[in-house]
Amino acid sequence: MAKHGEHPDLPSELEELLEADVHTIFLKADCPPRVKRGTIGQLKLVELESNDSWDNLRLESLQESLRTVVEENQHRSDCFLEIDRRGCQVLQLGDLRITCASPPFSDAREITVVRPVAKLSLSDYNLDPKIVERLSNHHRGVFICGRPGSGKTTLAQAIAEYLDDDIGAMVKTMEAPRDLQLAERITQYAPLEGDLEKTAEIIFLVRPDFVIFDEVRRARDFEIFADVRLAGVGLLGVTHANSALEAIQRLIGKVELGLVSQVLDTVLHVESGKIQQVLELRMTVKPPSGMQEELARPVIEVVEFPTGKVTHEMFAFGSELAVVPVTEANQKKPLQQLAQKQLIHTIRQWAGVHVRVQFTSDTAATVYAPSNMISTLVGRGGDNVRALQDQLGGLRLTIESLDDMPDSDDVSEHSIWSDDQDRRAYQSRAYEQHGRSKKTRKGRRR
């Protein structure tokens with residue numbers, strides 16, 4: 001594939017814009033040209049002064065010239081037409097990725113040229129030896145996350161070449177489009193027949209030790225990531241996220257909670273070309289922080305690496321998956337706030353009424369409801385409240401009137417009604433069909 005800084009000769013009008021510090025060129029019909037220039041983390045969008053008119057005809061002519069460059073360089077493995085669809089073409093010319101858009105796909109014809117800002121090796125990052133040792137074990141599931149232009153792809157390239165050159169691992173890539181700048185012996189695969197799932201099937205046949213999955217975005221991409229990782233292949237995914245924790249949360253819901261730590265065990269968060277945070281995921285069985293021993297359950301600990309400090313816990317709470325911060329000073333408050341929100345939400349769906357909640361212990365809570373709704377929440381012989389307790393994992397509930405609610409900071413802060421009209425409307429909806437569990441419906445029919 002392409003080497004950094006190398007591409008075939010381009011039309012002179014485009015080559016003139018591609019100065020040494022230019023990362024991206026934006027050309028759009030009837031608009032002045034703009035470029036992003038600078039270094040990783042310090043890119044600036046600049047409008048260029050130009051007397052030339054970039055209209056539809058000129059951009060169309062430039063696109064045809066670029067197609068001609070691809071055809072004239074078919075002998076090069078780094079020059080090809082990656083995507084050709086109505087209104088959109090993506091070309092790879094050496095280290096340049098060129099996206100051409102036109103109506104009806106875009107509102108006007110435009111051409112965008114992107115090239116890597118830098119080419120780095122893993123040693124350039126000055127990483128802690130423990131992190132390098134962790135990455136050297138290529139039988140892992142790793143996410144590199146960050147915002148656009150933060151240096152995610154540059155780091156992925158450095159790790160891939162480190163595994164290939166220094167560790168001796170067989171490395172392959174799955175990309176759409178293929179634009180990683182890697183050593184020639186690292187094969188880069190595109191979506192087979194437009195489907196990355198089919199690419200994953202072929203990946204298994206070529207026996208890689210490690211796979212780079214560039215641009216994990218859609219829900220199906222995360223599912224493919226999990227399938228490949230659970231097959232025993234080391235996997236590194238590049239994804240957009242504002243933090244390492246958000247990258248983990250993007251995986252939750254696409255994979256069963258019990259498999260998350262097997263699919264993903266390391267997350268690297270990149271900002272301005274530097275690794276800002278490394279998180280490790282560990283699965284354990286214990287009571288979440290702030291709960292008693294009898295409420296033990298599978299918990300995924302999110303741990304800062306290499307300090308070993310637990311920052312968050314992930315576990316099933318009722319019908320929801322909870323992500324709770326862990327603090328040394330106050331471990332109980334975040335958990336109880338989460339439980340209050342979950343309980344209020346469940347009762348609102350279950351009976352169509354707003355309530356307030358006060359936790360009296362780790363395993364018991366008092367629910368304050370309108371007086372005329374208490375019998376509905378309790379049910380005949382307590383059937384309804386017992387079904388609700390089962391749905392909430394055995395939490396003991398006491399139902400009392402709002403008139404008896406104490407003035408305490410422990411009571412949930414969520415507003416009850418905005419005015420009397422809302423109050424009467426909610427009280428009249430004793431039963432609400434949406435969101436009720438089978439146990440709850442059965443309990444109310446008795």
Just by distance, do the side chain of Gln188 and the backbone of Leu180 share a donor-acceptor pair under 3.5 Å?
yes

With a 4.5 Å cut-off on side-chain heavy atoms, are Ile111 and Thr99 touching?
no

Validation row: Leu45, Phe26 side chains within 4.5 angstrom (heavy atoms)
yes

CD1 on Ile131 to CG on Leu268, rounded to 0.5 Å:
7.5 Å

Walk me through whether Leu182 and Thr173 qualify under side-chain contact (heavy atoms from CB on, under 4.5 Å).
CA-CA 10 Å; Leu182 298 170; Thr173 77; 3.5 Å; yes

Measure the CG-CG distance between Asp30 and Leu59 for me, rounded to the nearest 0.5 Å.
9.0 Å

Does a sphere of radius 6.0 Å around CZ in Arg34 hold more than 12 heavy atoms from other residues, nucleotides or ligands, not counting ones at 6.0 Å or beyond?
no

Which pair of non-hydrogen atoms, one from Leu397 and one from Val385, has the smallest distance, and what is that distance?
CB-CG2, 4.0 Å

Any donor and acceptor pair, going by atom type alone, linking the side chain of Thr311 with main-chain N or O of Val302 inside 3.5 Å?
yes

Step by step, would you call Leu377 with Asn384 a side-chain contact (heavy atoms from CB on, under 4.5 Å)?
CA-CA 6 Å; Leu377 293 175; Asn384 287 353; over 6 Å; no

Quick one, Pro208 and Val233 - any side-chain contact, counting heavy atoms below 4.5 Å?
yes

Under 3.5 Å donor-acceptor, Asn242 side chain and Gly146 backbone:
no

Keeping Arg386 on the side-chain end and Gly381 on the backbone end, is there a donor-acceptor pair under 3.5 Å?
yes

Hey, what's the ring geometry for Phe225 with Phe143, parallel, tilted or perpendicular (30° and 60° as the breaks)?
tilted

Apply the test side chain to side chain donor-acceptor pair (under 3.5 Å) to residues Glu175 and Tyr189: give CA-CA distance (whole Å), side-chain angles for both, the deciding distance (0.1 Å), then the verdict.
CA-CA 6 Å; Glu175 305 171 57; Tyr189 295 106; over 6 Å; no

Would the distance check show the side chain of Arg356 and the main-chain N or O of Met405 forming a donor-acceptor pair, the cut-off being under 3.5 Å?
no

Test item: Leu122 and Leu155 side chains (from C-beta on) under 4.5 Å apart, heavy atoms
yes

From CA spacing to verdict: side chain to side chain donor-acceptor pair (under 3.5 Å), Ser123, Tyr162
CA-CA 9 Å; Ser123 60; Tyr162 169 76; over 6 Å; no

Axial cation check for Phe213 ring with Arg229, 6.0 Å and 45° limits:
no

Expected output: side-chain Glu161 to main-chain Ala183 donor-acceptor under 3.5 Å:
yes

Can you see which heavy atom on Ala364 is nearest to which on Phe359, and at what distance?
O-CD2, 3.5 Å

How about Pro287 and Phe315: do any of their side-chain heavy atoms sit closer than 4.5 Å?
no

On a heavy-atom basis, the closest approach of Asp209 and Gly168 is OD2-O, 4.5 Å

Please name the pair of heavy atoms, one in Val267 and one in Ala247, separated by the smallest distance, quoted to 0.1 Å.
CG1-CB, 4.2 Å

Just by distance, do the side chain of Thr266 and the backbone of Val142 share a donor-acceptor pair under 3.5 Å?
no

Could you tell me whether the side chain of Ile374 reaches within less than 4.5 Å of the side chain of Ser401, counting heavy atoms only?
yes

Heavy atoms only: give me the nearest Lys130-Pro306 pair and the separation to one decimal.
CD-CB, 3.8 Å

Note: Ala231 and Phe204 closest approach over all heavy atoms is CB-CE2, 3.4 Å

Looking at Phe105, does the NZ or CZ of Arg85 lie under 6.0 angstrom from its six-membered ring centre and within 45 degrees of the ring axis?
no

Basic-acidic side-chain contact under 4.0 Å: Arg380, Asp383:
no

Sequence neighbours left out, what passes side-chain hydrogen bond (donor to acceptor under 3.5 Å, both in side chains) with Asn137? Give chain and number order.
none

Output yes when Lys286 and Glu313 qualify as a salt bridge under the 4.0 Å nitrogen-oxygen rule, no when they do not.
yes

Evaluate the side-chain proximity of Lys172 to Ile212: yes if any heavy-atom separation is below 4.5 Å, no if none is.
no

May I ask you to decide whether Arg220 forms a salt bridge with Glu223, counting only side-chain N to carboxylate O separations under 4.0 Å?
yes

Any residue meeting side chain to side chain contact (heavy atoms under 4.5 Å, CB included) with Val114, in chain and number order, not counting sequence neighbours:
His23, Thr24, Arg97, Thr112

Side chain to side chain donor-acceptor pair (under 3.5 Å): which pairs involve residues 246-261, sequence neighbours left out?
Thr239-Arg250

If you count every heavy atom of other residues, nucleotides or ligands that lies below 6.0 Å from Met283 atom CE, does the total exceed 12?
yes

When you check the side-chain N and O atoms of Glu301 and His312, is any donor under 3.5 Å from an acceptor?
no

To the nearest 0.5 Å, what is the distance between CG on Leu236 and CG on Asp214?
9.5 Å

Residues in ring pair (Phe, Tyr, Trp, His ring centres under 6.0 Å) with Phe210, at least two apart?
none

Pair His240-Arg217, side-chain donor/acceptor within less than 3.5 Å:
no

Step-by-step side-chain contact (heavy atoms from CB on, under 4.5 Å) determination, Ile144 to Ile159
CA-CA 11 Å; Ile144 295 178; Ile159 294 174; 3.9 Å; yes

Please name all residues satisfying side chain to side chain contact (heavy atoms under 4.5 Å, CB included) with Asp124, sequence neighbours left out, ordered by chain then number.
Leu120, Ser121

To the nearest 0.5 angstrom, please state how far the CG atom of Leu264 sits from the CD atom of Glu280.
11.0 Å

Indicate whether the side chain of Gln181 and that of Asp95 have a donor and an acceptor atom separated by less than 3.5 Å.
no

With sequence neighbours excluded, what pairs up with Gln277 under the side chain to side chain contact (heavy atoms under 4.5 Å, CB included) test?
Ala244, His269, Leu279, Glu304

Given side chains that start at C-beta, do those of Gln262 and Leu230 come closer than 4.5 Å, heavy atoms only?
yes

Any donor-acceptor pair under 3.5 Å from Asp164 side chain to Val171 backbone:
no

From Leu27 atom CG to Cys100 atom SG, the distance as rounded to the nearest 0.5 Å
9.5 Å

Would you give the length of the straight line joining atom CD of Glu201 to atom CG of Asp227, rounded to the nearest 0.5 angstrom?
10.0 Å

Would you say Gln276 and Glu271 are linked by a side-chain donor-acceptor pair, where the criterion is simply a distance under 3.5 Å?
no

Only one of Lys44, Arg115, Arg37 passes salt bridge (charged side-chain N to carboxylate O under 4.0 Å, His left out) with Asp21; say which it is.
Arg37

